[in-house]
Amino acid sequence: MKKVNWVVVAAGGLVGLAAVALTMLGNPANMGFCIACFLRDIAGAVGLHGAAKVQYARPEVIGLVLGAFIMSVAGKEFRAKAGSSPATRFVLGVFVMIGALAFLGCPLRMVLRLGGGDANAIVGLVGFTLGILVGVQFLKRGFSLKRAYEVGRAEGGVLPAVMAGLLLILLAVPSLLKFSEEGPGSKHAPALIALMVALVVGALAQRARLCTVGGIRDALLFQDFKLLYGFIAIFLVVLVGNLINGNFHFGFTLQPVAHSSHLWNLLGMTLVGWGSVLLGGCPLRQLILAGEGNGDSAVTVFGMIVGGALAHNFGLAGNPDALNEAKELVVGGISNTGKVAVLLGFAVLAVISVVNLPKEEKVAARQTTAV
């Protein structure tokens, strides 16, 4: 087993601390950071969906991308490259987002929910690990979306430029955007503070290569636990912070912005884990890679934004647990349409996984499927 990388541990701890601080400053409970939820909110803010409760141009996403961009340029690690199956990555981004919104959170929020006592996140973690296990089997058989190629620096700077433009609109002409007046989108830390915190987190994540998927994947493939320690550090800091603030509430039902429909929590995160392995990183890692100049990750992020819009335009996203007028528990979950979308996602990922194997492995995979 390789030695502990204390840079990764320290970065994970600071990410956890930032998440606790942002929640205290106004972000929804157990949602100091959530890449899926925040990209969904941005989709709503620019008019890509009409769900009034989840519309806000989240400065956290802007800060993560720009922080990674600044750090990569300062460290001479900015590398403009693209061309690694971009259309396939776009589709994967869409379905990773659909899976995440079925669960109501990305892998990072899953960790934050664990630290807040949300037992549904344990179910999500099981599904997430199962998805990674499936993806790892295809990696072992040679799965690849092919190499990326060097491109012009302007191409590598597309997502940082888009995020800088969104920041300019948010600060200078906010009337062009939509803002939630109730629901999760209306709950947020002060914009400038959220931006500054996210800039630091983005820089740290770039430097430490933080990735929730990478931690489990590398442990399974190489017995390398370096990234996994960062994952654990986030959880421990958030757990301690919630215990100190009195925000730790263990249980399944009525958790903040969460549902206790166990099967779909499991399957949603299985889809996220599998898709993220094929992409080479979790949603957080895709933002950071795009900030470093990876055009394919930028395409993936655009796919996730479109996935968020589709999830709310077609009623695919999960609904949280609630109490009715008689104060009886109404268990949330996802609609029948959402269930079909998640199952369709598995079919799409299976096809992508097989067609991107080496030729001899494709034949073996088809024979296995036929048996």
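Heads up: numbering here begins at 1 and tracks the sequence. Just so you know, these numbers use all the heavy atoms, side chains as well, and skip hydrogens, waters and symmetry mates.
F90 has its side chain within reach of V306: a pair of non-hydrogen atoms, C-beta onward, lies under 4.5 Å apart. Side-chain atoms of M31 and L104, non-hydrogen and from C-beta on, never get closer than 4.5 Å to each other. In this structure, the side chains of V277 and V213 come closer than 4.5 Å at one or more pairs of heavy atoms. At a threshold of 4.5 Å between non-hydrogen side-chain atoms, the residues L267 and F346 count as touching. Under the 4.5 Å side-chain criterion, counting only non-hydrogen atoms from C-beta, V272 is not in contact with M110. Contact check for V96 versus W274: no side-chain heavy atoms found under the 4.5 Å cut-off. Annotation: side chain of D321 is not in contact with side chain of V330 (no heavy-atom distance under 4.5 Å). F252 is listed as a side-chain neighbour of V123, based on a closest heavy-atom distance under 4.5 Å.
Counting heavy atoms of neighbouring residues, nucleotides and ligands inside a 6.0 Å radius, atom NZ of K339 exceeds 12 of them. With a 6.0 Å radius and a threshold of 12 heavy atoms from other residues, nucleotides or ligands, K146 has its NZ atom above the threshold.
Pairing each heavy atom of R141 with each of P358, the nearest pair is O-CD, 3.3 Å. Nearest heavy-atom pair across R89 and D296 is CD-CB, 3.5 Å. Of all heavy-atom pairs spanning F250 and Q255, the tightest one is C-NE2, 3.9 Å. Of all the heavy atoms in L22 and G32, the pair that sits closest is CD1-O, 3.5 Å. Contact detail for R207 and G75: the closest heavy-atom pair is NH1-CA, 4.4 Å. The minimum heavy-atom distance between A80 and R153, with the atom names listed, is CB-CA, 3.8 Å.
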Test log, rule side chain to side chain contact (heavy atoms under 4.5 Å, CB included), inputs L349 and L271
CA-CA 8 Å; L349 264 58; L271 187 62; 3.8 Å; yes

Given I334 and S261, is the side chain to side chain contact (heavy atoms under 4.5 Å, CB included) satisfied, shown in steps?
CA-CA 8 Å; I334 61 176; S261 180; over 6 Å; no

In sequence, state the C-alpha distance, the side-chain angles, and the governing distance for L166 and L177, and then conclude on side chain to side chain contact (heavy atoms under 4.5 Å, CB included).
CA-CA 10 Å; L166 182 59; L177 301 171; 4.2 Å; yes

Could you walk me through whether I216 and L228 pass side chain to side chain contact (heavy atoms under 4.5 Å, CB included), step by step?
CA-CA 6 Å; I216 298 174; L228 191 59; 4.1 Å; yes

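In this structure, a donor-acceptor pair under 3.5 Å is present between the side chains of S297 and Q286.
Taking CZ of R109 as the start and CD1 of I35 as the end, the distance is 12.5 Å to the nearest 0.5 Å. We find the CZ-CG distance between R79 and N294 to be 12.5 Å, quoted to the nearest 0.5 Å. Expressed to the nearest 0.5 Å, how far CZ of R58 lies from CG of N27 amounts to 5.5 Å. The CG atom of L210 sits 8.5 Å away from the SG atom of C282 when rounded to the nearest 0.5 Å. Taken from OG1 in T88 to CG in L279, the straight-line distance is 10.0 Å, to the nearest 0.5 Å. Taking CG from D41 and NZ from K53, the interatomic distance works out to 13.5 Å, rounded to the nearest 0.5 Å.
Under a 3.5 Å cut-off, the side chain of H259 and the backbone N or O of A102 do form a donor-acceptor pair. No donor-acceptor pair closer than 3.5 Å links the side chain of D224 to the backbone N or O of D218. No donor-acceptor pair closer than 3.5 Å links the side chain of S276 to the backbone N or O of G273. With hydrogens and angles disregarded, a donor-acceptor distance shorter than 3.5 Å links the side chain of S84 to the backbone of L145. A donor-acceptor pair under 3.5 Å links the side-chain atoms of S180 to the main chain of V54, judged by distance alone. Within the 3.5 Å criterion, the main-chain N or O of C34 finds no donor-acceptor partner in the side chain of E60.
A chain of hydrophobic side-chain contacts below 4.5 Å, direct or via other Ile, Leu, Val, Met, Phe, Trp or Tyr residues, connects V8 to L220. Using a 4.5 Å cut-off between side-chain heavy atoms of Ile, Leu, Val, Met, Phe, Trp and Tyr, with links allowed through other members, I70 and V200 fall into different hydrophobic clusters. With hydrophobic clusters built from ILVMFWY side chains whose heavy atoms lie under 4.5 angstrom apart, F231 shares a cluster with L239. Under the 4.5 Å side-chain heavy-atom criterion for grouping Ile, Leu, Val, Met, Phe, Trp and Tyr, F103 is connected to F235 within one hydrophobic cluster. Hydrophobic clustering (ILVMFWY, side-chain heavy atoms < 4.5 Å, transitive): L195 and L204 are in distinct clusters.
If you run side chain to side chain contact (heavy atoms under 4.5 Å, CB included) between Y56 and each of H188, K178, K187, only H188 comes through.
At a threshold of 4.0 Å, the pair R209-E77 counts as salt-bridged, since one of the basic side-chain nitrogens sits closer than that to a carboxylate oxygen.
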